[in-house]
2 protein chains.
Amino acid sequence: MSEAEQESRSEGRRKLSRGARQAQLIEATIATLARHGYARTTMGEVARTAGLSHGLVNFHFETKEKLLSTTLVYLSDEYRESWQSALEAAPPDAPDQIAAFLRADFDPKICTPEKLSAWGSFWGEAQTRPMYQEHCSANDLYYTSTIEALCQRMNDEHGYTSDAILTARVLRVVTEGLWRDLMSMTEPYERDEALATVWICAAAFYPRHFGPEGLLRA
Amino acid sequence: MSEAEQESRSEGRRKLSRGARQAQLIEATIATLARHGYARTTMGEVARTAGLSHGLVNFHFETKEKLLSTTLVYLSDEYRESWQSALEAAPPDAPDQIAAFLRADFDPKICTPEKLSAWGSFWGEAQTRPMYQEHCSANDLYYTSTIEALCQRMNDEHGYTSDAILTARVLRVVTEGLWRDLMSMTEPYERDEALATVWICAAAFYPRHFGPEGLLRA
DNA sequence: TCATTTTGATTGACAGTTCAATCAGAATTC
DNA sequence: GAATTCTGATTGAACTGTCAATCAAAATGA
């Protein structure tokens with residue numbers, strides 16, 4: 001709220017471009033979801049967080065439903081783009097790709113308490129509302145098939161024999177579960193310790209290529 | 001709803017004992033959470049599901065908050081009692097104990113779609129409300145320290161060398177993550193396949209004692 | 001009878017939505 | 001370059017529906 005007021009007052013600009021204002025409201029929605037949870041996220045609270053009026057949220061997003069689904073798409077796409085670019089930047093070898101893939105989930109830009117908490121709010125409601133599946137199932141399926149393909153390559157190219165589908169599932173749910181630990185504020189460990197947990201899991205399945213510190217050798 | 005109506009009509013009993021009526025309302029709350037999610041769980045919907053009037057819910061639980069926290073405690077205690085009795089029934093050897101512990105999470109009595117979905121609703125709101133922590137943190141800490149102790153025994157008694165705390169964390173979050181997969185109805189796999197995933201994870205950490213089918217030998 | 005349980009109408013608060021009025025900045029005109 | 005018009009972003013009050021909570025009356029069982 002204070003930043004938004006500062007912005008509009010100090011710059012003397014009461015009007016922002018459509019895109020900038022919508023981005024500001026999406027940020028405010030993420031913050032509100034993180035602070036109050038899905039059930040107690042109201043249009044009024046989002047507007048107050050952004051330092052703007054109640055009616056403006058409806059002007060830009062028409063309905064609460066659209067505000068929330070837009071926010072979800074924003075988070076989902078940001079996440080997909082993050083791990084996609086991590087894969088592109090990494091060497092093409094399967095171990096390097098897996099290391100980059102797993103590390104991307106704990107990137108400081110993605111893995112913030114606020115964003116994790118907002119994700120958690122959506123997951124809780126996702127089961128019973130079509131919204132989540134409509135907007136995220138494509139990204140989720142893409143994520144799953146990518147890690148499955150990488151695990152298959154570890155078998156084909158590096159002589160491992162574990163079931164690729166099940167191994168990929170373990171790596172995926174470990175990451176999800178660590179996110180859940182990180183977002184519940186009572187848990188007393190941080191991103192680096194979560195990543196260490198991922199590495200010992202990768203080391204358990206691929207002991208010739210991973211160790212407690214991550215990828216072995218160079 | 002239909003069962004509840006049948007019960008009260010066919011038996012000719014409009015009055016049930018306090019405990020029985022409260023248990024019925026808790027069941028209806030679980031069903032409503034599973035069907036509609038936390039945000040859309042209303043007193044009226046719970047009452048309708050139970051085939052009773054909504055005034056009665058307030059008579060027995062005073063507030064919505066108390067109804068929900070009582071339901072949460074019910075689920076949490078049922079879960080703890082389930083894995084505790086599984087441990088007591090199993091042989092005292094560490095591998096047997098771990099096998100029983102992991103299998104207990106997928107017991108058909110605990111691991112129903114309805115109950116998993118209700119858990120998911122609570123998790124989504126848990127971050128922002130003290131309710132969850134107040135009522136479940138003791139059970140959760142107990143669960144965590146139990147699996148940590150078992151992993152430590154695998155090291156001490158059976159010559160494994162992995163970090164017990166981190167290994168226990170992997171086993172815990174894999175179970176949680178598989179629950180999440182099972183409760184999202186789009187996922188096309190069942191309890192037995194989830195359990196198979198747990199076994200290959202256990203086999204990765206403890207290859208001399210676990211295989212794809214679970215505990216090795218007898 | 002008397003206590004307990006159950007009902008359903010009522011109340012008050014609150015949240016989402018709508019809308020008419022306002023206002024700042026851009027475009028246009030002279 | 002100044003005055004005017006236009007655009008669309010912004011506000012806040014009013015409307016509407018919903019939900020939790022209350023309560024008086026009815027039903028039930030001992």
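Here is the naming used below: chain letters follow the sequence lines, and residue numbers restart at 1 for every chain.
- Under the salt bridge (Lys or Arg N to Asp or Glu O under 4.0 Å) criterion, A:Asp77 pairs with A:Arg80, not counting sequence neighbours.
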Enumerate the protein-to-nucleotides 23-25 of chain D contacts in which both atoms are nitrogen or oxygen and the separation is below 3.5 Å.
none

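- When the salt bridge (Lys or Arg N to Asp or Glu O under 4.0 Å) test is applied to B:Glu81, no partner is found at least two apart in sequence or on another chain.
- Both tests hold for A:Arg169 against B:Tyr189: distance to the six-membered ring centre under 6.0 Å, angle to the ring axis within 45°.
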Polar-atom pairs under 3.5 Å, protein N or O versus N or O of nucleotides 19-21 of chain D: list them with distances, or write none.
residue	atom	partner	partner atom	Å
D:dA20	OP1	B:Lys64	NZ	2.8
D:dA20	OP2	B:Met43	N	2.8
D:dA21	OP2	B:Lys64	N	2.9

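- The interatomic distance linking A:Phe61 (CZ) with D:dT10 (C1') rounds to 15 Å, in whole Å.
- Atom P of nucleotide D:dT11 and atom CZ of A:Arg21 are separated by 7 Å, given to the nearest angstrom.
- The salt bridge (charged side-chain N to carboxylate O under 4.0 Å, His left out) contacts involving residues 63-72 of chain B comprise B:Glu62-B:Lys66, where partners must be two or more places apart or lie in separate chains.
- Checked against side-chain hydrogen bond (donor to acceptor under 3.5 Å, both in side chains), A:Asp140 has the following partners two or more places apart in sequence or in another chain: A:Tyr132.
- Residue pairs meeting the salt bridge (charged side-chain N to carboxylate O under 4.0 Å, His left out) criterion with at least one member in residues 99-127 of chain B, sequence neighbours excluded, are B:Glu78-B:Lys115, B:Glu125-B:Arg129.
- Remark: B:Glu176 engages A:Arg180, B:Arg172 in a salt bridge (Lys or Arg N to Asp or Glu O under 4.0 Å) (not counting sequence neighbours).
- Going from atom NE2 of A:His60 over to atom P of C:dT17 covers 16 Å, rounded to whole Å.
- Under the rule for a side-chain contact (heavy atoms from CB on, under 4.5 Å), the partners of B:Ala94 that lie at least two apart in sequence or sit in another chain are B:Arg153, B:Met154, B:Glu157, B:His158.
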